[in-house]
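In this text, all values refer to a predicted model and were calculated from it rather than measured experimentally.
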Amino acid sequence: MSLPVDDDNVNMLSSPYPSTVHEWTKAIRRPTSYRVGNARFHLKPRVVIYAGLFSAAMMLLLIMILPRSPSPVLCAPIKDETAISYDPTYPLTNPLSTAGGTIYQIGLITDLDKASKSKEKKNTWLSYYRKGNLTVSEKRDSVKFSLKQPKVLVSNIAAGDRGMELSELVIFNGRLYTVDDRTGIIYEIVGHTVVPWVILADGDGKAAKGFKCEWATVKDKRLYVGGLGKEWTTEKGELVNLNPQWVKSIGPGGDVIHIDWHEKYNALRAKIGMLSPGYIIHEAAVWSEIHKRWFFLPRRASKETYNEVDDEKRASNIMFIVDENFETIEVRKIGALNPTHGFSSFKFIPGTGDNIIAALKSEEDKGKIASYILAFNVNGKILLPETKIGDVKYEGIEFV
């Protein structure tokens, strides 16, 4: 039977779609065609699916076996120092002007060495933190002081069964810090407690041992912490390493830069003829932003080879004043030399144009231990004679 020829029938006859079940089945099984340029490719749907699954599996496998960057540690120091606000407050309490002069609040900290370990509490180490007042006369020609009873600071952190051997006090970024010369920990003092902030590793920062921190100062909004400045030797002066001749620079966010200072320390030794076998031991150094100079008051100095016994009587009364590049070095004498009294800490008195210094001296002589406070100007004129403040080592002073 023929169909009438009209527009609808013509369209049906010329339709590209199959007209029978067999033709529909063949169409479904026919591979999908893809054209690339003038070429035509035929891919079966199941091949496309299998290829997709295989690709996904390979991607997953690569993700699992390729090395990945470590996940960020939330407590890690902030590296971008520009993103951290800096608090320049110094001192933390305002001086008080009176008819008798200007009164400042000071703080002192002890290094009790092995006596830092508590005899009463297990796994506890301690230090004495002592506040007081220091008064500079109106004419700035004399200094006097008074001290309160010390408070006890404790920590449960130690290295080799020793800890809290605190050797300096310093204001940095509006906070009060102290450094432990046994563990290498920088503690923040908050009220009557200490909070660990940064741990300094010895030498270039790759040593397992903590850095023997001895002095600390602020320069260019960074905290500089130094060691003895002398090679580490045996008790008889035999060289072990140069680790104490490194200096640490710490940013407000806690990042640490390790700086090799052995040439700088040796420049000071060369200036006064104390290169090896001679030595200088540093426990007191401060950068003056006003003078743009480093000031050093060595604890001990000698032209002889180091040995533990004789070292107790090799105190120094020398002050170094050094430019930033350690190219210009000036040497001055501070008072009369007492061979067992050596400088352990000092700070410029605020408001004096970095011209008046308050300092501590320590004594360790055949078991005798004592500390002394004194004040003088940068020309060496004594404004407060050495005065004993206790039978323990106070090794840090700061204006708090």
Side-chain angles (χ1 to χ4, degrees), residues 111 113-114 159-160 162 165-168 179-186 199-217 224-250 256-287 294-320 322 325-327 329 331 339-340 342-345 362 364-365 393 395:
D111 176 356
D113 293 325
K114 293 182 179 180
R162 294 178 65 174
E165 299 181 21
L166 308 181
S167 55
E168 188 57 283
V179 296
D180 184 352
D181 72 18
R182 182 57 53 171
T183 63
I185 295 175
I186 300 177
I199 300 177
L200 301 177
D202 203 13
D204 62 1
K206 298 178 182 178
K209 177 182 177 294
F211 184 57
K212 187 171 174 57
C213 313
E214 293 292 348
W215 56 264
T217 189
Y224 282 73
V225 179
L228 296 170
K230 164 192 168 296
E231 304 91 343
W232 190 256
T233 61
T234 65
E235 295 177 358
K236 296 181 180 180
E238 299 164 331
L239 178 64
V240 177
N241 59 55
L242 303 183
N243 289 353
Q245 292 190 316
W246 286 73
V247 166
K248 316 296 181 175
S249 172
I250 304 101
V256 180
I257 300 173
H258 308 275
I259 310 170
D260 185 352
W261 259 39
H262 85 271
E263 291 185 355
K264 292 180 170 63
Y265 282 126
N266 289 346
L268 302 181
R269 292 162 65 175
K271 181 67 177 181
I272 57 174
M274 293 186 178
L275 286 171
S276 183
Y279 64 93
I280 298 177
I281 291 178
H282 295 275
E283 293 188 10
V286 171
W287 167 258
W294 287 97
F295 286 72
F296 296 87
L297 289 169
R299 172 82 182 269
R300 296 181 178 126
S302 176
K303 294 182 179 181
E304 306 297 326
T305 302
Y306 174 87
N307 75 75
E308 198 171 53
V309 176
D310 293 339
D311 183 60
E312 291 183 343
K313 292 181 170 63
R314 292 175 175 174
S316 166
N317 65 338
I318 295 171
M319 178 168 68
F320 291 106
V322 189
N325 297 319
F326 281 67
E327 295 174 347
I329 302 174
V331 180
T340 63
F343 289 103
S344 57
S345 180
S362 297
E364 295 175 278
D365 182 24
K393 282 195 304 175
E395 290 202 347

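Counted by atom type alone, Ser344 and Glu283 present zero donor-acceptor pairs between their side chains at under 3.5 Å. Of the N and O atoms on the side chains of Arg314 and Tyr306, not one donor lies less than 3.5 Å from an acceptor on the other residue.
The two residues Lys248 and Gly205 come nearest to each other via the heavy atoms NZ-N, 3.9 Å. Across all their heavy atoms, Glu312 and Asp365 have their closest contact at OE1-CA, 3.7 Å. In plain terms, the two heavy atoms of Thr183 and Ala159 that are nearest each other are CG2-N, 3.7 Å. Taking both residues in full, the closest heavy atoms of Met274 and Ala301 are given as SD-CB, 3.5 Å, listed atom of the first, atom of the second, then distance. Between Glu168 and Glu214, the shortest heavy-atom distance links the atoms CB-O, 4.1 Å. The heavy-atom pair separating Asp181 from Cys213 by the smallest distance is CB-O, 2.9 Å.
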Show, in sequence, the C-alpha distance, side-chain angles and deciding distance for Leu166 and Asp180, and conclude whether the side chain to side chain contact (heavy atoms under 4.5 Å, CB included) test is met.
CA-CA 4 Å; Leu166 308 181; Asp180 184 352; 3.9 Å; yes

Please step through side chain to side chain contact (heavy atoms under 4.5 Å, CB included) for the pair Arg162 and Asp113, ending with a clear verdict.
CA-CA 8 Å; Arg162 294 178 65 174; Asp113 293 325; 4.0 Å; yes

| task | Applying side chain to side chain contact (heavy atoms under 4.5 Å, CB included), run through Lys230 and Arg299 and close with a yes or a no. | result | CA-CA 11 Å; Lys230 164 192 168 296; Arg299 172 82 182 269; over 6 Å; no

Going through the distances and angles, do Val322 and Lys264 end up as a side chain to side chain contact (heavy atoms under 4.5 Å, CB included)? CA-CA 10 Å; Val322 189; Lys264 292 180 170 63; over 6 Å; no

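Taking 4.5 Å as the limit, some side-chain heavy atom of His282 sits within range of a side-chain heavy atom of Pro298. With contacts defined as side-chain heavy-atom distances shorter than 4.5 Å, the pair Ile185/Ile199 qualifies. For the pair Phe211 and Val179, the minimum side-chain heavy-atom distance is 4.5 Å or more. Contact of the Trp294 side chain with the Thr217 side chain is registered, since non-hydrogen atoms from C-beta on lie closer than 4.5 Å. Counting only heavy atoms from C-beta outward, the side chains of Ile272 and Ile280 approach each other to under 4.5 Å. Contact check for Val247 versus Tyr224: side-chain heavy atoms found under the 4.5 Å cut-off.
A salt bridge does not link Glu165 with Lys393: none of the charged nitrogens is closer than 4.0 Å to a carboxylate oxygen.
We find the CD-OG1 distance between Glu364 and Thr340 to be 10.5 Å, quoted to the nearest 0.5 Å. Ile250 CD1 to Leu200 CG: the interatomic distance, rounded to the nearest 0.5 Å, is 5.0 Å. Of the inter-residue distances, the one linking Lys212 atom NZ with Arg182 atom CZ reads 5.5 Å to the nearest 0.5 angstrom. Separation of atoms CD (Gln245) and CG (Asp260) is listed at 7.5 Å; rounding is to 0.5 Å. Between the OG atom in Ser345 and the CG atom in Leu297 there is a gap of 9.5 Å [rounded to 0.5 Å]. Atom CG of residue Leu228 and atom OH of residue Tyr265 lie 8.0 Å apart, to the nearest 0.5 angstrom.
Under a cutoff of 6.0 Å and an axis angle of 45°, Lys271 and Phe320 do not form a cation-pi pair.
Heavy atoms of other residues, nucleotides or ligands lying less than 6.0 angstrom from NZ of Lys313 number more than 12. Heavy atoms from other residues, nucleotides or ligands lying under 6.0 Å from CD1 of Ile329 number more than 12.
Although no hydrogens or angles enter the test, the distance criterion places no donor-acceptor pair under 3.5 Å between the side chain of Glu238 and the main chain of Thr233. Looking only at distances, a side-chain donor or acceptor of Arg300 sits under 3.5 Å from a matching main-chain atom of Asp311. For the pair Ser249 (side chain) and Ile257 (backbone), a donor-acceptor distance under 3.5 Å is absent.
Annotation: Trp215 is not in aromatic contact with Phe343 [ring centroid separation under 6.0 Å not met].
Each of Val240, Asn241, Leu242 was scored for a side chain to side chain contact (heavy atoms under 4.5 Å, CB included) with Pro244, with one residue passing: Asn241.
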